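Worksheet: one structure, shown below.
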Amino acid sequence: SVTGACSAIQKMTRVRVVDNSALGNTPYHRPPKCIHVYNKSGVGKVGDTILLAIKGEKKKALIVGQKMPGPTMTPKFDSNNVVLIEDNGNPTGTRIKTPIPYLLRQKESKFSKVLAIARNFV
Amino acid sequence: RSSDAGPAKFKPPSKPVIVDKQRQTAERRFLSPEFIPPRGRTNPLKFSVERKDMIQRRKVLSIPEFYVGHILAVTTADPYANGKTSRFVGICIRRGGKGLGATFVLRNVIEDQGVEICFELYNPRIQEIQVLKLEKRLDDNLMYLRDALPEYSTFDVNMKPQSYLDHEEVPVNKLQVRMKPKPWSKRWERPNYNIKGIKFELPEEKMKEAQKWSKPWLEFDMLREYDTSKIEEKIWKEVNEELKK
């Protein structure tokens with residue numbers, strides 16, 4: 001069988017960390033890359049958790065925006081945005097300036113703390 | 001005795017020309033492009049049934065006349081937003097689809113992050129479409145704004161709607177947009193995109209090389225001709241009659 005085009009966020013995609021945590025904002029000679037997607041298929045969309053490799057460390061993260069167009073009426077961003085997260089779901093940073101899609105409120109139970117630090121919603 | 005060269009012929013004063021501005025408004029016709037059926041062998045019954053549904057929806061929600069390049073504010077019903085409605089302001093980059101699946105893409109740059117949303121015109125979740133600024137651009141397709149400097153896509157979210165007169169022509173903004181350095185998502189300098197709204201700062205050799213891909217025979221191709229003037233007239237009459245009821 002031939003697999004179709006695999007888009008959105010998967011292994012080895014370079015991502016942009018969007019919160020104001022120290023890990024995400026200190027410059028490093030390699031961009032943060034995804035190494036695993038916690039999903040049945042290896043493709044991560046908005047609202048999925050992934051494992052990032054940043055500054056030689058492994059860190060979990062939540063996808064908040066993707067370049068690939070999704071269903072109509074959902075926003076499409078110009079860069080793959082990601083928010084760093086701990087194992088229990090608490091965000092590492094304290095503020096998120098970039099806009100976050102309203103879709104994430106669906107999983108209010110898991111990501112309530114991330115939504116609480118977000119400033120703008122789209 | 002001195003006399004004039006005969007009595008001067010009586011010249012009546014010139015009649016005043018009355019310009020009735022109200023009559024001129026009816027002359028401007030705009031038919032939304034999604035009403036025009038695409039060329040094909042489908043049964044015209046499908047299009048007429050779709051048009052009925054489109055007109056029904058238009059009676060409930062007033063969809064204003066807008067082109068690519070207008071700045072719109074759309075409020076949609078969102079179960080996950082506080083206040084249940086979410087408002088998005090952006091410039092219309094593209095209008096696509098025919099019939100009930102007609103879409104338009106709005107683009108804006110918020111907090112240095114470019115956001116694009118593809119809205120469906122006839123989606124029942126849309127509560128209001130407001131035109132904030134009337135402005136046609138030189139192209140039908142502004143997808144190159146993704147590769148242009150972000151200042152050309154930023155629009156104030158709290159912009160006030162500009163007032164405009166009904167009978168005036170839609171103004172064309174002849175803005176030449178400056179681009180980010182290459183690589184771009186598409187090779188916009190090539191003639192198949194036919195873009196007039198970019199200020200190309202590329203060297204002349206690159207522009208000449210791009211012209212190698214030009215297809216000058218395309219405009220004379222008769223099989224690609226699709227004359228929609230008669231179809232448009234019929235549909236225009238039909239739509240207007242139904243809307244007035």
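Below, read A as the first sequence line, B as the second, and so on, with proteins coming before strands; counting in each chain starts at 1. Values in this document were obtained by computation on a predicted structure and should not be read as measured data.
If you measure heavy-atom distances from B:F119 to chain A, the contacts under 4.5 Å come from both the backbone and the side chain. Neither the backbone nor the side chain of A:F121 comes within contact range of chain B; no heavy atoms are under 4.5 Å apart. Only the side chain of A:P99 comes within contact range of chain B, with heavy atoms under 4.5 Å apart.
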Show the numbers, then the answer: is there a side-chain contact (heavy atoms from CB on, under 4.5 Å) between A:L115 and A:L104? CA-CA 8 Å; A:L115 295 166; A:L104 282 179; 3.9 Å; yes
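Taking CZ of B:F104 as the start and CD1 of B:I117 as the end, the distance is 10.0 Å to the nearest 0.5 Å. For the atom pair CG of B:N194 and CG of B:D140, the computed distance is 10.0 Å after rounding to the nearest 0.5 Å.
Evaluation of the salt bridge (charged side-chain N to carboxylate O under 4.0 Å, His left out) test over residues 189-200 of chain B, restricted to residues two or more places apart or in two chains, returns B:K182-B:E189.
Taking the six-membered ring for Trp and the full ring otherwise, the centers of B:F35 and B:F47 sit at least 6.0 Å from each other.
Between B:K244 and B:E241 there is no salt bridge, since no side-chain nitrogen of the basic residue lies less than 4.0 Å from a carboxylate oxygen of the acidic one. Residues B:R137 and B:E135 are paired through a salt bridge, judged by an N-O separation under 4.0 Å between the basic side chain and the carboxylate.
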Which side chain or backbone donor-acceptor pairs connect chain B with chain A at less than 3.5 Å?
from, atom 1, to, atom 2, distance (Å)
B:Y80, O, A:R105, NE, 3.2
B:Y80, OH, A:Q106, NE2, 2.8
B:R107, NH1, A:D78, OD1, 3.4
B:R107, NH1, A:D78, OD2, 3.1
B:R107, NH2, A:D78, OD2, 2.9
B:Q113, OE1, A:R16, NH1, 2.6
B:Q113, OE1, A:S79, OG, 3.2
B:Q113, OE1, A:N81, ND2, 3.0
B:Q113, NE2, A:S79, OG, 3.4
B:G114, O, A:D78, N, 2.9
B:E116, N, A:K76, O, 2.7
B:E116, O, A:K76, N, 2.7
B:C118, O, A:M73, N, 2.8
B:E120, OE2, A:T72, OG1, 3.1

